[in-house]
Amino acid sequence: MIRLRTLAVFFGLTAIVASIAGCGGGGEGTLAGTQTDVSSLLSWNPPETTIDNNVIDPFDDLDYYEIYVREDRNFTDADSPVAQVDAVEEFPLETGSAYSRLLVTEFDLDNLQELPAAKELYVSLRAVGTDRQKSAFMEPILWVRS
């Protein structure tokens, strides 16, 4: 099983605001942008490799993502996620018992509840593997709420 704790910041995470589409990349996975819209959509690319360049299959090796929110950029292992998003969604096909599988790569931040009252918050993300190992925190992105 692939140990996600050995992953570097391994997938791109980009903010999308209204119709401004961002795209992420592999490698360092730097966050970009500022959330400023009431309908704030967080988007990312799933990891493709570990820090030592072992290829992973996100369909089989990822279980879910954890979304974290703080008033500062200092995310730690002591923080609790505010949301958990499945890495893969399965949809039944119209015929038989077969399923279509899709990678989850976005989350609407407006769905978060019980957030700090601050208008400016930082958002980060971690991937959790099927072996329950967690990745490092993604570089935080500033989310300015309306």
Side-chain angles (χ1 to χ4, degrees), residues 1-92 99-146:
M1 188 56 64
I2 294 172
R3 298 184 64 81
L4 289 178
R5 86 170 54 159
T6 64
L7 292 175
V9 178
F10 55 68
F11 55 95
L13 183 58
T14 303
I16 297 178
V17 180
S19 64
I20 301 171
C23 60
E28 292 294 312
T30 305
L31 295 177
T34 300
Q35 298 285 28
T36 58
D37 193 86
V38 174
S39 177
S40 298
L41 189 65
L42 187 66
S43 179
W44 61 89
N45 289 331
E48 297 176 358
T49 61
T50 62
I51 193 169
D52 52 1
N53 289 325
N54 290 325
V55 176
I56 66 169
D57 180 353
F59 283 102
D60 294 327
D61 297 327
L62 293 181
D63 193 11
Y64 58 92
Y65 299 100
E66 294 177 338
I67 298 173
Y68 294 82
V69 176
R70 286 182 59 106
E71 292 184 39
D72 59 46
R73 306 176 57 87
N74 302 316
F75 291 92
T76 70
D77 289 336
D79 291 330
S80 296
V82 295
Q84 181 175 309
V85 181
D86 288 336
V88 178
E89 288 185 5
E90 292 186 350
F91 299 95
Y99 286 87
S100 175
R101 299 174 76 204
L102 298 173
L103 291 175
V104 175
T105 59
E106 63 185 31
F107 181 82
D108 188 345
L109 294 172
D110 287 336
N111 291 328
L112 297 175
Q113 299 176 7
E114 300 182 28
L115 293 173
K119 183 175 179 173
E120 294 186 357
L121 297 171
Y122 289 89
V123 179
S124 188
L125 183 78
R126 291 175 98 175
V128 180
T130 55
D131 60 0
R132 299 298 176 252
Q133 298 298 313
K134 295 182 181 185
S135 72
F137 285 98
M138 299 300 95
E139 182 65 28
I141 185 169
L142 178 63
W143 175 30
V144 180
R145 299 188 297 171
S146 298

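Values reported hereafter were calculated over all heavy atoms of this structure, with side chains retained and with hydrogens, waters and symmetry mates removed.
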Check whether any side-chain heavy atom of [X] lies under 4.5 Å from a side-chain heavy atom of [Y], and answer yes or no.
X	Y	result
Trp143	Leu115	yes
Val144	Lys119	yes
Val88	Val104	no
Thr105	Pro46	yes

How long is the straight-line distance from [atom2] of [Y] back to [atom1] of [X], given to the nearest 0.5 Å?
X	Y	atom1	atom2	result
Leu62	Ile56	CG	CD1	5.0 Å
Thr130	Tyr64	OG1	OH	11.0 Å
Met138	Trp44	CE	CH2	11.5 Å
Tyr68	Ser124	OH	OG	8.5 Å
Ile141	Leu42	CD1	CG	7.0 Å
Leu103	Asp86	CG	CG	12.0 Å

**OP:** I would like to know whether Phe137 and Asp77 meet side chain to side chain contact (heavy atoms under 4.5 Å, CB included); could you show each step before the answer?
**Re:** CA-CA 9 Å; Phe137 285 98; Asp77 289 336; 4.0 Å; yes

**OP:** List the steps and the verdict of side chain to side chain contact (heavy atoms under 4.5 Å, CB included) for Val128 and Gln84.
**Re:** CA-CA 10 Å; Val128 180; Gln84 181 175 309; over 6 Å; no

Original post:
Is it true that atom OH of Tyr99 has more than 12 heavy atoms of other residues, nucleotides or ligands lying nearer than 6.0 Å?
Top reply: no

Original post:
So with a 6.0 Å cut-off around CD of Glu90, is the heavy-atom count from everything else above 12?
Top reply: yes

Subject >> For Asp79, salt bridge (charged side-chain N to carboxylate O under 4.0 Å, His left out) partners two or more places apart >> reply: Arg70

Original post:
Which heavy atom of Arg73 sits nearest a heavy atom of Pro140, and at what distance?
Top reply: O-CG, 3.7 Å

**OP:** May I have the step-by-step check of side chain to side chain contact (heavy atoms under 4.5 Å, CB included) for Val82 and Glu114, ending in yes or no?
**Re:** CA-CA 8 Å; Val82 295; Glu114 300 182 28; over 6 Å; no

Original post:
Where the side chain of Ser135 meets the backbone of Ala127, is there a donor-acceptor pair that is under 3.5 Å apart?
Top reply: yes

Subject >> Polar side-chain atom of Arg132 near backbone of Asp63 as donor-acceptor pair, under 3.5 Å >> reply: no

